[in-house]
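Working notes, beginning with the structure itself.
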Amino acid sequence: MSTATATATGDAGTIRTLTPAELKAQEKAAKAAEKARQKRIARDEAAERRRAAKTGFSNPANPTRSIGLTIVCAIFAVYCLFPFVYLMINATKTQSDFTSTFGLGFGHTFALWDNIVTVFTYQDGIFGRWFVNTILYVVVGAGGATLLAIMGGYALAKFRFPGRRLCFAIIIGAISVPGIALAVPQFLLFAKLGLTNTPWSMIIPSLVSTFGLYLMWIFSDQAVPDELLEAARVDGAGEFRTFFQISLPLLAPGIVTTALFAIVATWNNYFLPLIMLKDSQWYPLTIGLNQWKDQASTAGGQAIQNLVITGSLITIIPLVISFLCLQKYWQSGLAAGAVKE
């Protein structure tokens, strides 16, 4: 049997050779210490699991289930999905089935495709015009509001100038004022300018998003380090190049959030077009579908609830697609600023 040797430093600084027995004793002590550490970890994990089971919460290392939280989440899920399920079911019915069958049950005839075709051909295809109008108001109005909010919020967060605190106070004050309270003054102003009953009466008010401006201000202040901007300026980059090539990619989660808020607000806007527009050729989907809904209450009007339901289902599909396509940008920014460096 070959003799294993090792060196160790003694108390006097001299180097001596360890015997095989001493090496074996050290290995045994190391194994015992590791075994004790594993037992301690297992004991701590068991205690954590018992604690989590009592409180009903869990952590990623020790996943547990909470029946109470599951029930609460299920109730909220049903509450949120119920209108969508109602639309999906009733969009498959004919008008006679809509009035004679249970609201959450399918009709005698599956007429989804026929309803979609009728929606786009009824009244010479006016629904398609409303759809295009809504897209126009969203792209120009909500898109412009998002761009202005990005640039304004970034400037307020990263530049120092006189009156900055006053701007902050004005923005906070504007957020507290509901948009519906400004609709009548806006109508009077646009009437003086001769812009009512035109697309500009919808686009211009949509360009202002005080909440989006405030959101981008706060997000820009946290997401874009000042040191990064200073380094870019030292390297000779101008302000526009610094903004578009350095800051803009870092602001992606905030931009998506602001854009979706603006898109949803413009897409679902009802009261402003109601008082601004008289010509049905410029109606958005909200006003157009409401006109179809009220058609049955007019003299000689025909009830077309099945078309209203189908049109409503078609109306929300672009919003659902937008949320599903843009959710990855939210996920990428969920942990931004959560770790202190």
Side-chain angles (χ1 to χ4, degrees), residues 80-88 90-91 115-116 119-120 122 125-150 175 178-183 186-187 190 195-216 253-294 307-330:
C80 295
L81 293 176
F82 179 80
F84 185 74
V85 173
Y86 178 83
L87 286 178
M88 289 287 295
N90 287 275
N115 288 340
I116 294 175
V119 164
F120 283 97
Y122 188 72
I126 190 66
F127 182 86
R129 179 61 186 266
W130 295 339
F131 196 92
V132 172
N133 292 341
T134 305
I135 295 294
L136 172 66
Y137 302 149
V138 167
V139 171
V140 181
T146 303
L147 179 62
L148 293 176
I150 295 169
I175 292 176
I180 194 172
L182 301 176
Q186 287 175 350
F187 171 77
F190 279 77
L195 295 177
T196 56
N197 202 31
T198 65
W200 294 111
S201 61
M202 284 293 299
I203 293 174
I204 294 177
S206 300
L207 292 174
V208 180
S209 175
T210 52
F211 177 76
L213 178 61
Y214 175 75
L215 180 64
M216 288 308 303
I255 293 173
V256 171
T257 304
T258 304
L260 284 177
F261 272 114
I263 290 171
V264 172
T266 305
W267 193 278
N268 295 333
N269 199 351
Y270 175 79
F271 190 71
L272 183 64
L274 180 65
I275 65 174
M276 288 288 188
L277 303 175
K278 295 181 180 180
D279 188 357
S280 62
Q281 294 296 320
W282 292 115
Y283 280 174
L285 288 169
T286 52
I287 302 300
L289 290 175
N290 185 69
Q291 187 185 60
W292 280 3
K293 178 184 70 68
D294 294 338
L307 300 188
V308 175
I309 292 294
T310 307
S312 301
L313 178 63
I314 297 172
T315 299
I316 67 174
I317 289 177
L319 293 179
V320 174
I321 294 175
S322 300
F323 274 87
L324 293 178
C325 292
L326 296 176
Q327 65 176 345
K328 62 180 181 180
Y329 295 99
W330 281 341

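Using a 4.5 Å heavy-atom threshold, the side chains of I314 and I116 count as touching. Here the side chains of I316 and W267 are not in contact, with every heavy-atom distance at 4.5 Å or above. Inter-residue side-chain proximity for I126 and Q281 is flagged as met; some heavy-atom pair is nearer than 4.5 Å. F190 places none of its side-chain heavy atoms less than 4.5 Å from the side chain of I275. Taking 4.5 Å as the limit, every side-chain heavy atom of I321 sits out of range of all side-chain heavy atoms of P318. Looking at L260 and V256, their side chains come closer than 4.5 Å, going by heavy atoms from C-beta outward. Looking at heavy atoms from C-beta onward, P284 lies in side-chain contact with L277 at the 4.5 angstrom threshold.
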Name each donor-acceptor pair under 3.5 Å that joins a side chain in residues 204-213 to protein atoms two or more places apart or in another chain, with its distance.
unit_1 : atom_1 : unit_2 : atom_2 : d
S206   : OG     : M202   : O      : 2.7
S209   : OG     : G212   : N      : 3.2

For residues 135-149, which side-chain donor-acceptor pairs fall under 3.5 Å, sequence neighbours excluded?
unit_1 : atom_1 : unit_2 : atom_2 : d
Y137   : OH     : W282   : O      : 2.8
T146   : OG1    : A142   : O      : 2.8

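Judged purely by atom type and a 3.5 angstrom limit, D279 has no side-chain atom pairing as donor or acceptor with the backbone of N197.
Shown here is F120, whose CZ atom has more than 12 heavy atoms of other residues, nucleotides or ligands within 6.0 Å. Residue-environment remark: CD1 (I180) stays at or below the threshold of 12 foreign heavy atoms within 6.0 Å.
Taken from OH in Y122 to CG in L307, the straight-line distance is 7.0 Å, to the nearest 0.5 Å. Distance check: L285 CG to T134 OG1 gives 3.5 Å after rounding to the nearest 0.5 Å. The structure places CD1 of I287 at 12.0 Å from CG of N133, a figure rounded to the nearest 0.5 Å.
Looking at every heavy atom in both residues, T286 comes nearest to N269 through OG1-O, 2.8 Å. A pairwise comparison of heavy atoms in L195 and S201 identifies O-CB, 3.4 Å as the closest pair. Looking at every heavy atom in both residues, K293 comes nearest to V308 through N-CG2, 3.8 Å. Between A91 and T310, the closest heavy-atom pair is O-OG1, 3.6 Å.
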Could you give me the CA-CA distance, side-chain angles and deciding distance for I255 and M216, then say whether side chain to side chain contact (heavy atoms under 4.5 Å, CB included) is met? CA-CA 7 Å; I255 293 173; M216 288 308 303; 4.1 Å; yes
Start with the C-alpha distance between N268 and L319, add both sets of side-chain angles, then the distance that settles side chain to side chain contact (heavy atoms under 4.5 Å, CB included), and finish with yes or no. CA-CA 10 Å; N268 295 333; L319 293 179; 4.1 Å; yes
In sequence, state the C-alpha distance, the side-chain angles, and the governing distance for L289 and T315, and then conclude on side chain to side chain contact (heavy atoms under 4.5 Å, CB included). CA-CA 10 Å; L289 290 175; T315 299; 3.6 Å; yes
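The aromatic rings of F127 and F131 are tilted relative to each other, their planes meeting at an angle between 30° and 60°. Using a 30° and 60° split on the angle between ring planes, Y283 and W130 fall in the tilted class, from 30° to 60°.
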